[in-house]
Colleague: 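Got a structure for you, written out below as structure tokens; questions coming shortly.
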2 protein chains.
Amino acid sequence: MGLKPSGEMYLETIYVLSQMKSCVRSVDIAEHMNFTKPSVSRAVGILKKENYISVDNDGYINFTDEGLKLAQKIYERHTVLSELLMLLGVDKETASEDACKIEHVISDKSFETLKKHMKDKQKQQ
Amino acid sequence: MGLKPSGEMYLETIYVLSQMKSCVRSVDIAEHMNFTKPSVSRAVGILKKENYISVDNDGYINFTDEGLKLAQKIYERHTVLSELLMLLGVDKETASEDACKIEHVISDKSFETLKKHMKDKQKQQ
DNA sequence: CCGCAAAGTTAGCTAAAGCTAACCATCTGT
DNA sequence: ACAGATGGTTAGCTTTAGCTAACTTTGCGG
């Protein structure tokens with residue numbers, strides 16, 4: 001039935017971590033998000049049950065096709081939104097924080113519009 | 001401790017209703033937001049307890065100074081954000097829906113930046 | 001005056017998503 | 001070989017914010 005902001009946040013974190021290190025475990029997520037192990041354990045269980053990730057016997061997490069697609073989508077939103085805010089003069093810290101919130105609630109339609117606007121703006125500068 | 005998105009949404013709704021009709025009651029909010037009376041009853045109780053509104057003996061709702069200020073702030077965010085999205089080409093419906101979500105999570109800093117950008121954009125067109 | 005409709009409240013359910021405490025299973029170092 | 005660290009899970013608490021069912025209060029119409 002589609003992920004909630006919280007689930008998307010976990011997925012995005014897994015994506016980011018998977019680009020920084022070869023293998024991602026629950027404990028890495030907990031560390032990175034500053035959540036407790038049980039919280040992560042449950043969230044990972046849900047992502048697995050809903051077929052966004054798989055977890056092998058050693059506790060290493062891998063995306064399913066659907067999971068990867070969604071993670072990349074969220075991550076793109078994050079980067080585009082924070083770049084856009086920064087382009088307009090918002091400091092990096094704030095831009096990233098706000099992008100983190102907006103990325104989970106904005107519609108595809110609005111996001112694509114903003115993305116196009118950002119590209120144009122980027123060119124003309 | 002500051003209102004959550006849900007509380008802000010109620011406040012904004014009261015503000016909008018108060019501009020459409022002389023008096024606002026809980027049942028009007030319920031009608032407008034498509035929530036049940038008990039849900040609204042609790043929310044109104046919280047807004048009252050936290051001093052954003054007062055409710056007189058007849059059930060009519062009025063803002064406190066703080067409540068009005070916050071309601072106007074949220075409402076301004078809503079209008080500016082949806083105008084901005086529309087200016088960039090997003091349809092009214094979607095723009096309003098997205099504004100509704102973003103208005104509760106964006107920082108003052110980013111909002112003011114976007115607002116300024118919108119004004120500029122508005123002028124040059 | 002009786003009865004109904006409208007407005008509000010109370011009690012209690014649910015789901016989401018964080019938490020702690022406590023436990024289990026490995027793996028490692030002396 | 002066994003103690004402790006590391007990683008994960010289970011059970012159960014808390015808050016938020018929606019819901020239904022059922023109640024109270026009030027104001028009318030006939």
Side-chain angles (χ1 to χ4, degrees), chain A residues 1-14 17-18 20-62 67 70-71 74 97 100-105, chain B residues 1-14 17-18 20-62 67 70-71 74 97 100-105:
Chain A
M1 46 145 186
L3 279 188
K4 286 159 206 77
S6 152
E8 292 184 357
M9 206 54 232
Y10 279 103
L11 223 50
E12 186 186 348
T13 300
I14 295 168
L17 287 174
S18 76
M20 291 167 28
K21 35 168 64 195
S22 50
C23 294
V24 180
R25 293 160 310 164
S26 281
V27 71
D28 304 317
I29 302 172
E31 175 113 351
H32 195 262
M33 297 180 88
N34 250 306
F35 287 160
T36 60
K37 288 189 296 163
S39 298
V40 175
S41 181
R42 182 160 33 98
V44 163
I46 293 170
L47 291 178
K48 188 173 134 192
K49 201 191 64 190
E50 311 219 322
N51 236 33
Y52 293 102
I53 58 174
S54 65
V55 183
D56 70 22
N57 288 342
D58 294 333
Y60 294 120
I61 295 170
N62 288 288
L70 184 48
I74 309 290
E97 272 171 34
C100 234
K101 315 252 191 66
I102 298 172
E103 71 196 22
H104 306 293
V105 301
Chain B
M1 47 147 186
L3 279 187
K4 286 161 207 77
S6 151
E8 292 185 355
M9 207 53 233
Y10 279 103
L11 223 51
E12 187 186 347
T13 300
I14 295 169
L17 287 175
S18 75
M20 292 169 24
K21 36 169 62 194
S22 49
C23 295
V24 180
R25 294 161 309 166
S26 282
V27 71
D28 303 318
I29 303 172
E31 175 114 349
H32 195 262
M33 298 180 88
N34 250 308
F35 288 160
T36 60
K37 287 189 296 162
S39 299
V40 175
S41 181
R42 182 159 35 98
V44 163
I46 292 170
L47 290 178
K48 189 172 133 194
K49 201 191 64 193
E50 313 219 321
N51 238 33
Y52 293 103
I53 58 174
S54 65
V55 183
D56 71 21
N57 288 342
D58 294 333
Y60 294 120
I61 294 170
N62 287 289
L70 185 49
I74 309 289
E97 272 171 34
C100 233
K101 315 253 188 67
I102 298 172
E103 71 196 23
H104 307 292
V105 300

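Chain A is the first sequence line, chain B the second, and so forth, proteins listed ahead of strands; every chain is numbered from 1.
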Colleague: Figure out the CG/C1' separation between A/Asn57 and D/dT9, and round it to whole Å.
Modeller: 16 Å
Colleague: Between C/dT9 atom P and B/Ile29 atom CD1, what is the distance in whole Å?
Modeller: 11 Å
Colleague: Look at the side-chain N and O atoms of B/Ser41 and state whether any lies under 4.0 Å from the OP1 or OP2 oxygen of C/dT9.
Modeller: yes
Colleague: D/dA17 phosphate, OP1 or OP2: any side-chain N/O from B/Ser6 under 4.0 angstrom?
Modeller: yes
Colleague: Calculate the interatomic distance between B/Lys37 atom NZ and C/dG12 atom C1'; express it in whole Å.
Modeller: 17 Å
Colleague: For a quick test of reading the model: is some side-chain N or O of A/Ser39 closer than 4.0 Å to OP1 or OP2 of C/dC19?
Modeller: yes
Colleague: Check every strand shown and say whether A/Asp28 touches a base, only sugar-phosphate, or nothing at a heavy-atom separation below 4.0 Å.
Modeller: nothing
Colleague: What's the closest nucleotide to the A/Phe35 side chain, out of C/dA11, C/dG18, C/dA7?
Modeller: C/dG18
Colleague: Atom CE of B/Met20 and atom NE2 of B/His32: how far apart are they, to the nearest 0.5 Å?
Modeller: 5.0 Å
Colleague: Is any side-chain nitrogen or oxygen of A/Tyr10 closer than 4.0 Å to OP1 or OP2 of C/dG18?
Modeller: yes
Colleague: Which of the following nucleotides, D/dA21, C/dA7, D/dT9, is nearest to the side chain of B/Pro38?
Modeller: D/dA21
Colleague: Whole-Å distance between C/dT10 C1' and B/Ile46 CD1?
Modeller: 15 Å
Colleague: Taking atom types as they are modelled, is there a donor-acceptor pair under 3.5 Å from the base of C/dA16 to the side chain of A/Lys4?
Modeller: no
Colleague: Without decimals, in angstroms, what is the distance between A/Asp56 CG and D/dG8 P?
Modeller: 10 Å
Colleague: If I take atom CG in residue A/Asn34 and atom P in nucleotide C/dC19, what distance separates them, rounded to the nearest angstrom?
Modeller: 9 Å
Colleague: Write down the distance between CG (A/Asp58) and C1' (D/dG7), rounded to a whole number of angstrom.
Modeller: 11 Å
Colleague: Across the strands shown, which category fits B/Arg25 at heavy-atom distances under 4.0 angstrom: base, sugar-phosphate, nothing?
Modeller: sugar-phosphate
Colleague: From OH of A/Tyr60 over to P of D/dT6, roughly how many Å is that when rounded to an integer?
Modeller: 15 Å
Colleague: Distance from A/Leu70 atom CG to A/Tyr52 atom OH, nearest 0.5 Å?
Modeller: 6.0 Å
Colleague: Tell me which nucleotide among C/dG8, C/dT9, D/dA17 gets nearest to the side chain of B/Arg42.
Modeller: D/dA17
